[in-house]
Each structure stands twice: as C-alpha cells, then as structure tokens.
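Some notes on the structure that comes next.
Proteins come first, then strands; the chains are lettered A, B, ... in the order of their sequence lines, and each starts at number 1. Please read these numbers as outputs of a predicted model, since none were measured by experiment.
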Protein chains: 2
Amino acid sequence: MTASRVLRGEGGYSEDTRIKVMQQVDQLGYLPNRLATVFAGDQSSTFIGVSIPDLGNEVFAQVLEGIDRKLGTFGYQSVLGLTQHTQEEEENWIRTVLSWQPAGLILTGRYHSPRATDMLRNAGIPVVEIWDLNSSPLDMSVGINHFDSGFDMGRYLTSLGYRRIGYVGTSHDTANAATERLNGFCKAVEGAGGAVVKQLCLHDTATYYPGFYGTEQLLSAARDIECIFFQNDAMAFGGLQYCAAKGLRVPDDIGIAGWGDLPIASVMNRRLTSCHVPHLKLGQMAAEMMMGRLTDEPVPTCTDIGFRLIPGSTVRNSGV
Amino acid sequence: MTASRVLRGEGGYSEDTRIKVMQQVDQLGYLPNRLATVFAGDQSSTFIGVSIPDLGNEVFAQVLEGIDRKLGTFGYQSVLGLTQHTQEEEENWIRTVLSWQPAGLILTGRYHSPRATDMLRNAGIPVVEIWDLNSSPLDMSVGINHFDSGFDMGRYLTSLGYRRIGYVGTSHDTANAATERLNGFCKAVEGAGGAVVKQLCLHDTATYYPGFYGTEQLLSAARDIECIFFQNDAMAFGGLQYCAAKGLRVPDDIGIAGWGDLPIASVMNRRLTSCHVPHLKLGQMAAEMMMGRLTDEPVPTCTDIGFRLIPGSTVRNSGV
DNA sequence: AAGGCTTAAGTTACCCGTAACGTAAAATGG
DNA sequence: CCATTTTACGTTACGGGTAACTTAAGCCTT
C-alpha cells in the first residue's frame, strides 16, 4: 500500500521505505496494472482509438504516423482500427474500442452510422473527425474541404483549355471524401463549359495497377478525352505508365492529374499535377487537438489544414 | 446480475427477463466495461501490442495492415507503437503496453534491450518477432533471412559481371535487418571477386529523396562504380531519378538494384531489380501465429516467409 | 511531562463484471 | 400430494490500485 505511494511518488513515506519498495519492484519485475487504475475510475486511460480506412494508401499511413508519434510524446497509445471505408465496420470497431474505456477517439471521415453517432455522443470522451473537414463536428474536426479541392482542380484544368475530361477512381461508400472531390470537380468543369465525359469507378483498391487498367478502360470507352483526373496520385501514376506503354505523350496527347502528392513525386523527373495535403501535419494536429481537450486547454473545434494545388507538368502549360 | 447472464447469453434466465434487460440496455445505451472483465482475471484482453519502426516505409505499413486485418477477424485490436528502430523507444513502449495487460505482442526485429527481454519473458504472454527471422526467438518468429537475401542479390549482381559496387542506405541501430542484408551482400560480392567500394549510410529516412541525393554523393565520391545496391526500393527509385536527371543511362552506364518490391513497381515501364517479400502475408502470418498460440493450437515456432529475387531490367542482362 | 502537531504507515471501501454459491419458486415424478 | 429436480434469479467475494480515513510513532512546545 505504501508501495503505491512510492511508485507514484506522491510523498508520505521515508527514504528507507522507498528503497525497500524499489528493491522489491526490481527483484520481482513488478509492472503496475494500469487496468486497475483506470477501472477504479481514478483516472482515464491513455488509449486513443484511431480509425483509418486502410494503410495500403500511403496517405493514410502518413496520417497515422503523425497521430501516433504525437500521441506518443504525451504518453498515449493508438488503438488501431482499419475500417475499410465502411460505416458498418466503423460502428463495430467503435463499440469494441469504447468498451476498453479509451481517453478519446480519432475517426477518419464525417459520416457515421446513427448508432455509431449515438455511442460517440454517450461516451463523453473527446472525438476528432479527420480528413474530411466537418463544420459541425461531433466534437472536433481537422482536415480539408474536399469539395473545394476538387473544384480548384476542375477550375485549373478548364483554365488550361481542357473541355472533355475523364475521371478514374474507385467506388466505396458513396459519401466519402473522394466523392466530394469529384462533385466539386464536376461542378467547376461544367461551370466552365467543359464536361466530365466519363467517370469510371472501379471496384478495386485505389492503387497503382487499378489506375493503369482504369485508364485503359476509360480511354477505350471515350477516345476523345483530353485530360484525366484520378482519385489519387497512385492511380495517376498507373495512368501515366499506361500512357507511356501505349506511346501516348503526356501532356501533348493527354493530360494527367492526380491528388494527394505522394512522396515519390519529389524525385520524379516530371512533376505530377496534383494537390498537396500536409498528411503528417494533419495527423499531428489531430493528436494535438485531442491532447488539448484532454488537458482542458481551449481547442479550436474545426481546423482547416489546407491544401495546395500543384500545377505540375503532366497537363498542358496554358490555355490553347 | 442477471443482466450479465443475458448479455453473455450463457442461459439461466427467462425470455421475459431477457427482453426487459435488452430494453434497459438499449434505453441506457449501456456498453459493457471490458476493463472490468479483464481486470477480474476471468479472461485476457483482446489487445495485441504491435511495434513497427515507422510507417513512412510502405513496407511496414503493409505489414501492419496484414496484422491488423487478421487480428480484426478474430476480434482483437492492435495497440500501435512506432519505435523508430531504437531499442530504447521499444523498451519504453513495451513497459507501457504491458501495463495494459495485452493478450500478446508482435515486435519488429530480433534485437531488444536486456530489460525489454526480461519484461517479455516475465509477461507470460505470446510474443511474435517479425521481419528478421529469428531461429531462437523469445517465443515465435516469422520473417525472412535478411543476410541470405542480401547474399543472393550480391551473387546475382556479380554473376552479371559487376565488380565495383556501391551501397546507399541509412544508418540507425547497427544491428538491424538492412545491415544484415548489407553484410550478406558484401560477403557474396567479395566472395565473387568484386568489391563494395563505397557504403553510404545517410542520417536520414530511407525514402525517395535521400535515395536521390545519396546517389549523387556516392557517385561523386567513387566515379567508377558500375552498380548500386540500395537499402530499399524507395531509395532505388530516388537513385533511378538521379541517373535520369544526370543523363546516366540505366543499365548501360550504371546498374540499380533495390530491395522490397514496392507496389509502384508493378506499373513502372522498367522493372526495378529488387527482392520481393510478401509483406501483407508476413503480417497475416504473424497475426495467425499469435491467434494460434492464444487458442492453444500447435503453432510453428519459426516461419520463414521467403523472398524472391526480381531480376528486373535496371541491371545488365548477363555477364560481360 | 502532558498535550498538540507532524510524519509514516496501515485499513477500509470502491470501481464493474463474473465465478461460485445460495435460495425460492416452478416443474416433474412417483 | 409430497419429495425431488430444475429453473430463475439473488448474494457474496474477488481482482489491483488508490482515495479517504485511521492509527501509531516521533517531535516539539511550554
């Protein structure tokens, strides 16, 4: 009992006792059971549940890295959940992870099942919704406005004279960030007198190879496409390679635009037209907002982390 | 009390009671506190601590994905630890995560601090050491023999006639997998009458851009290098781009070999000489071994997941 | 030297779910 | 119809750490 005092260093014991206790601790290899502390309700746990769609997407891997590193500096741990973009998996994961009394949750995306929303509200713990900026979040939110980023890309491409544009992405839940980007993109393109002639939504992962064969499908379905906007950079690289393999010159024969600005872009000889999002910073900010809330500091409810359009050289230089 | 029975469905209650209990559960939004169950010692937790060096490296992100998905199918959760390749961070993380009474641990690498080893032994829970195959593991191990994979690459490159070879990697703890690969590589090269003329170990992350400028450094220090072996594919891509930028033809002027076979390789017009490791499968296997041990099934102590040399076309075709 | 004060250490109760046991009522059986 | 079994539900105790309280010992003051 006195041992508990010694280990927490709260005082009320003599130096002799402290030494005796520490000797026993060393000798027995004693590790405190933090479960008991949390269970007793004396303090909250140092778990933060973090749900991420998948790690095959480098972007989310970096967000998670940012989160976990920042949490680590505060002595907190991430409990991971890969929810594969589905609300159902997210709901199940939330139920499970809440039963472990986490100190808070960080969730990717703004759309949750009704039951999930209920549980989150009842849990009474901080929740940060990331990725998709949510102006009326459950609690806190950090991310970017995907609609706007798609819109900006659409405006940029049409400003270069592109009118007949294609889209290659993947389909998962309809209400996700990529769909918002596509919506913003279409709005800008159509507003400028262009047309998104074909939208291809593959039932596959949003990675390199689907980008490759998706481009093939798109171009065989609509030969007169002048430019393709991809769901992300990985798919755009796949498209770029398809063009190279088929002898299509980029940007002379066709324009290519991605989204997300993968690290590999930094060493490519040709800069991919894309949209940069500070992934690592996004993750760190999410963790900081969480920690701020847990330490009762004033925390902004909503943080727009911002994006930056990268003109690149895989689209033509200026209007025709 | 009867409620506990109803929720666990263990029987011994009437249908009327069941309905009444479930109504209350729905109404109150009751979620069981699994902490209490574990704490009472009636069952073990469903946490598995997973330590990974970093997620900037796509390879480890995929390993983690494999682990977490597989654990998820068994109703287990990963508690993440990014240990940045250092034993000290690993030890601290182990101490913390053990205090949460995890059901088991999955650790990257075979080298742990003495205290960490003590804690792991005393914890009395399953431990899987991944990545670096460990023939005498603490408990279980799954991975590949990195020395052998480096050796194979060295033998392959010398078989093509390369004699003056360079290496570009990063330095972290000396005793890690990349170092083992380099050791195997050097042994093979020297055994075949070649020489690893310069080994560059950058104090940076093992990613694209360090591969780019590392190549510059290496080539300016040793101009007569015929071929470069990189710590991983990301660095090799950086090297490839450096060569392209400087007008060095690959493989005519210089050979380039990476390691790890990144997904992006699948769409490159030129196949990077590399070594394929089934990352996702490695992670899944680690999770399966863990679950097997937890359900008292017989589990192999050591699983060699295997690698496959990819000849690629960034080195010359055959001996000079 | 008696009374008050400080410090060190021990005791009790609680957190929540469940194993183990207890009990009352209903069902079964001879 | 009473004895026995079964069913349904209640009670108690426990796990490990700690807040709150109690006790014992040491110290000082007048």
If each of B:Gly11 and A:Leu7 is mapped to the nucleotide of DNA chain D with the nearest heavy atom, which maps nearer the 5' terminus, i.e. the 5' end?
B:Gly11
DNA chain D: B:Phe39 or B:Thr17, which has the more 5' nearest nucleotide?
B:Thr17
d([atom1], [X]; [atom2], [N]) in whole Å:
X: A:Trp100; N: C:dG17; atom1: CH2; atom2: P; answer: 12 Å
X: B:Glu10; N: C:dA19; atom1: CD; atom2: P; answer: 7 Å
X: B:Gln43; N: C:dG17; atom1: CD; atom2: C1'; answer: 10 Å
X: B:Arg5; N: C:dC21; atom1: CZ; atom2: P; answer: 14 Å
X: A:Lys20; N: C:dA8; atom1: NZ; atom2: C1'; answer: 11 Å
X: A:Asp16; N: C:dA9; atom1: CG; atom2: C1'; answer: 13 Å

Could you give the distance from CD (B:Gln231) to OG1 (B:Thr207), rounded to the nearest 0.5 Å?
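Taking CD in B:Gln231 and OG1 in B:Thr207, the distance rounds to 10.0 Å.
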Is it the case that more than 12 heavy atoms not belonging to B:Arg95 sit under 6.0 Å from its CZ atom?
yes
To check you understand the geometry: which heavy-atom pair defines the closest contact between B:Glu89 and B:Leu82, and what is its length?
OE1-O, 3.7 Å
Which heavy atom of A:Asn145 sits nearest to which heavy atom of A:Phe147, and what is that distance?
OD1-N, 3.1 Å
With B:Ser113 via side chain to side chain contact (heavy atoms under 4.5 Å, CB included) - residues at least two apart
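B:Ser113 satisfies side chain to side chain contact (heavy atoms under 4.5 Å, CB included) with B:Gln87, B:Glu91, B:Arg115, B:Ala116 once adjacent residues are dropped.
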DNA chain D: first to last nucleotide in contact with chain B (atom under 4.0 angstrom from a heavy atom), 5' to 3', is D:dA8 to D:dG16
On DNA chain C, compare the nucleotides closest to B:Ser4 and A:Arg18; which residue's is nearer the 5' end?
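That would be A:Arg18.
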Let me know which of B:Ile67, B:Asp68, B:Ile125, B:Leu294 forms a side-chain contact (heavy atoms from CB on, under 4.5 Å) with B:Ile48.
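Result for side-chain contact (heavy atoms from CB on, under 4.5 Å) with B:Ile48: B:Leu294.
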Could you tell me whether B:Arg34 contacts a base, only the sugar-phosphate backbone, or nothing, with contacts defined as non-hydrogen atoms closer than 4.0 Å?
nothing
